[in-house]
Colleague: 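Quick one: the structure is below, and I'll ask about it shortly.
Note on naming: letters A, B, ... go to the chains in the order of the sequence lines (proteins, then strands), and numbering restarts at 1 for each one.
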Amino acid sequence: MPELPEVETVRRQLQPWLSGRTIARVELLAPPGPKYASLERAAGQAIERVDRRGKFLLMPLSGGDELIAHLGMTGVLTPGGTGQPGKHLRVAVDLEGAAPNRLEFNDPRRFGRFLVVRRGEYGALPTLAALGPEPFDESFTGARFYQALQRSQMAVKTYLLSQRPVAGVGNIYADEALWRVGVHPLTPAARVKKEQASQLLAAVRDVLAASIEAQGTTLADYRTVYGESGDYADRLDVYGRAGQECRRCGGRLERLVVGQRGTTYCPDCQRRPTDRRRRAK
DNA sequence: CGCATTTCCTGGTAGC
DNA sequence: TGCTACCAGGAAATGC
């Protein structure tokens with residue numbers, strides 16, 4: 001499922017092809033709705049560039065609008081124009097100029113979004129409006145991350161998934177980063193120590209950077225713009241490995257549910273924070 | 001406002 | 001083989 005590394009991979013591939021291109025028309029094949037709002041406004045505007053914030057692709061348009069794509073779980077962007085439209089084609093963007101001159105958005109599960117807003121006006125996208133810092137922003141320090149964590153009593157994993165303390169971390173990389181620093185996913189965010197917070201931010205950066213280098217993690221649906229799989233799945237230490245052995249201590253990885261999300265962790269490396277109510281054994 | 005819960009959606013798969 | 005039941009989950013909507 002596309003998280004920051006997968007979206008960044010797609011961005012890097014789209015950028016040289018799409019930037020500067022003028023949109024001739026946009027065809028909406030999905031039922032109209034807020035997930036596909038205002039697409040008709042894009043016609044006649046040029047795509048200035050392809051940016052990314054967290055898991056959102058942001059394409060500022062020359063007429064003062066902005067085209068926003070979120071891949072959800074199963075969204076795939078591909079240069080189209082070949083063959084018949086697929087069963088799950090939701091949006092097709094026709095471009096002026098030489099082929100390939102069509103961008104297709106396929107999304108079997110329809111969790112994705114593909115819409116136009118006035119530039120910078122993210123009222124329809126509250127998560128984007130309240131998005132935390134980009135993890136690779138150099139002015140984003142461990143101290144600032146610690147301050148952000150201090151503001152919430154939520155389980156640290158759930159808080160990471162909210163996109164508020166840092167942008168772009170999803171279920172896979174949250175589990176990976178927490179395992180790397182030995183923090184239990186249910187630890188209240190505000191109880192993460194200052195030193196741990198710095199280590200956690202460093203771990204988030206390391207795992208995201210390594211995955212970007214591998215062009216992301218393909219478990220099922222994610223593909224790059226050119227249809228390739230991401231190779232990071234082979235390097236996952238915890239996600240999807242419940243019941244297998246921990247690569248650090250050799251113990252058995254366990255699965256639990258945190259904030260309605262499947263979570264894998266090592267009960268030996270990631271100790272639960274002290275619970276005062278726990279009875280003596 | 002903060003946080004928990006529910007909803008959206010369908011391919012894949014386990015079980016019979 | 002074909003059927004049902006259930007699971008996966010990012011973000012928004014809803015509830016308290």
Colleague: If you compare every side-chain N and O of A:His88 against the phosphate oxygens of B:dT10 (OP1, OP2), does one of them come in below 4.0 Å?
Modeller: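 Negative; the distance criterion is not met.
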Colleague: Which one, C:dA11, B:dT10, B:dC3, comes nearest to the side chain of A:Arg110?
Modeller: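 Nearest nucleotide to the side chain: B:dT10.
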Colleague: What integer distance in Å separates A:Arg223:CZ from B:dG11:C1'?
Modeller: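 Answer to the nearest Å: 14 Å.
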Colleague: Would you kindly compare A:Pro34 and A:Pro2 by the position of their nearest DNA chain C nucleotide and give the one closer to the 5′ end?
Modeller: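 Here A:Pro2 is the residue nearer the 5' end.
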Colleague: Is there a side-chain polar atom (N or O) of A:Lys87 under 4.0 Å from OP1 or OP2 of B:dG11?
Modeller: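 Answer is yes, contact under 4.0 Å.
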Colleague: So among A:Lys157, A:Arg261, A:Glu176, which one has a side-chain hydrogen bond (donor to acceptor under 3.5 Å, both in side chains) with A:Asn171?
Modeller: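 With A:Asn171 as partner, A:Lys157, A:Arg261, A:Glu176 yield a single side-chain hydrogen bond (donor to acceptor under 3.5 Å, both in side chains), made by A:Lys157.
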Colleague: Looking at the side chain of A:Leu161, which of B:dT10, B:dA4, C:dG10 is the nearest nucleotide?
Modeller: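 Side chain of A:Leu161 sits closest to C:dG10.
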Colleague: Looking only at side-chain N and O atoms, does A:Gln260 come under 4.0 Å of OP1 or OP2 in C:dG9?
Modeller: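 Checking A:Gln260 against C:dG9: no side-chain N or O falls below 4.0 Å of OP1 or OP2.
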Colleague: Given that A:Arg151 and A:Pro108 both sit by DNA chain B, which one's nearest nucleotide is further toward the 5' end?
Modeller: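 On the 5' side of the pair lies A:Arg151.
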Colleague: Can a salt bridge be assigned to the pair A:Asp65 and A:Arg118 using a cut-off of 4.0 Å between side-chain N and carboxylate O?
Modeller: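 A:Arg118 and A:Asp65: salt-bridged.
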Colleague: Does A:Phe111 stack onto the base of C:dG9, taking stacking as ring centres under 5.5 Å apart and planes under 30° apart?
Modeller: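 Yes; centroid distance and tilt both under limits.
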Colleague: Taking CG from A:Leu71 and C1' from C:dG9, how many angstroms apart are they, rounded to a whole number?
Modeller: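 In whole Å, C:dG9 C1' lies 14 Å from A:Leu71 CG.
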Colleague: Between A:Arg53 and A:Glu134, does any NZ, NE, NH1 or NH2 come within less than 4.0 Å of an OD or OE carboxylate oxygen?
Modeller: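 Salt bridge flag = yes for A:Arg53 with A:Glu134.
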Colleague: Would you say CD of A:Glu213 has more than 12 non-hydrogen atoms from neighbouring residues, nucleotides or ligands within 6.0 angstrom?
Modeller: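 Atom CD in A:Glu213 is not crowded, with 12 or fewer foreign heavy atoms closer than 6.0 Å.
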Colleague: Taking atom C1' of B:dC3 as reference, at what distance in whole Å does atom CD of A:Gln163 sit?
Modeller: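 In whole Å, B:dC3 C1' lies 17 Å from A:Gln163 CD.
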Colleague: Rounded to whole Å, please give me the gap between OH in A:Tyr36 and P in C:dA11.
Modeller: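 Atom OH in A:Tyr36 sits about 15 Å away from atom P in C:dA11.
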Colleague: With a non-hydrogen cut-off below 4.0 angstrom, is A:Thr74 in contact with a base, only sugar-phosphate, or nothing?
Modeller: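 If one applies the 4.0 Å heavy-atom cut-off, A:Thr74 turns out to touch nothing in the nucleic acid.
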Colleague: Given C:dG9, is OP1 or OP2 found less than 4.0 Å from the side-chain N or O atoms of A:Tyr239?
Modeller: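 For C:dG9, OP1/OP2 do have a side-chain N/O of A:Tyr239 under 4.0 Å.
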Colleague: Transitively linked via ILVMFWY side-chain contacts under 4.5 Å: A:Val169 with A:Ile212?
Modeller: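 The answer is yes; both residues are in one hydrophobic cluster.
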Colleague: When all nucleic acid strands are considered with a 4.0 Å heavy-atom cut-off, which category describes A:Lys35: base, sugar-phosphate, or nothing?
Modeller: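 No contact at all - A:Lys35 keeps every heavy atom at 4.0 Å or more from the nucleic acid.
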Colleague: Is a side-chain donor-acceptor pair under 3.5 Å present for A:Lys87 with A:Asn106?
Modeller: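 Side chains of A:Asn106 and A:Lys87: no pair found under 3.5 Å.
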Colleague: Is the shortest heavy-atom distance from the side chain of A:Gln215 to the side chain of A:Arg12 under 4.5 Å?
Modeller: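 No, too far: nothing below the 4.5 Å cut-off.
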Colleague: Can you tell me which nucleotide in B:dC3, C:dG10, B:dC9 comes closest to the side chain of A:Gln153?
Modeller: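 Nearest nucleotide to the side chain: B:dC3.
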Colleague: Is it the case that one hydrophobic cluster holds both A:Leu160 and A:Val258, taking links as side-chain heavy atoms less than 4.5 Å apart, direct or via other members?
Modeller: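 Different clusters.
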Colleague: Using heavy atoms and a sub-4.0 Å distance, could you list which residues of residues 122-129 of chain A are near DNA chain B? By number, please.
Modeller: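 The answer is none.
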Colleague: A:Leu103 versus A:Leu14: any side-chain heavy-atom pair under 4.5 Å?
Modeller: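 Yes - at least one pair of side-chain heavy atoms lies under 4.5 Å apart.
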Colleague: Can you tell me whether the side chain of A:Arg261 and the base of C:dA8 have a donor-acceptor pair closer than 3.5 Å?
Modeller: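 No.
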Colleague: Separation of A:Ile172 atom CD1 from C:dG9 atom P, in whole Å?
Modeller: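 Distance check: A:Ile172 CD1 to C:dG9 P gives 8 Å.
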Colleague: Using whole Å, report how far CD of A:Glu3 lies from P of C:dA8.
Modeller: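 The distance from CD of A:Glu3 to P of C:dA8 comes to 15 Å, rounded to the nearest Å.
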Colleague: Separation of A:Arg109 atom CZ from C:dA12 atom C1', in whole Å?
Modeller: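 Taking CZ of A:Arg109 and C1' of C:dA12, I get 18 Å after rounding.
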Colleague: Which part of the nucleic acid, if any, lies within contact of A:Gly112, taking any heavy atom under 4.0 Å across all strands shown: a base, the sugar-phosphate backbone alone, or nothing?
Modeller: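 Contact class for A:Gly112: none.
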Colleague: Could you give the distance from CG (A:Leu58) to CG (A:Leu125), rounded to the nearest 0.5 Å?
Modeller: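 Going from the CG atom of A:Leu58 to the CG atom of A:Leu125 covers 9.0 Å.
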Colleague: Going by the side-chain hydrogen bond (donor to acceptor under 3.5 Å, both in side chains) test, name the single residue among A:Tyr232, A:Tyr239, A:Tyr173 that passes it with A:Thr217.
Modeller: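 Output: one option passes, namely A:Tyr173.
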Colleague: Could you tell me the separation between the CG atom of A:Asp107 and the P atom of C:dG9, rounded to a whole number of Å?
Modeller: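 So the CG-P distance, A:Asp107 to C:dG9, works out to 16 Å.
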Colleague: Would you work out how much the helix from B:dG2-C:dC16 to B:dC16-C:dG2 bends between its ends, with each end axis defined by five base pairs, to 10 degrees?
Modeller: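 One end axis against the other gives 40°.
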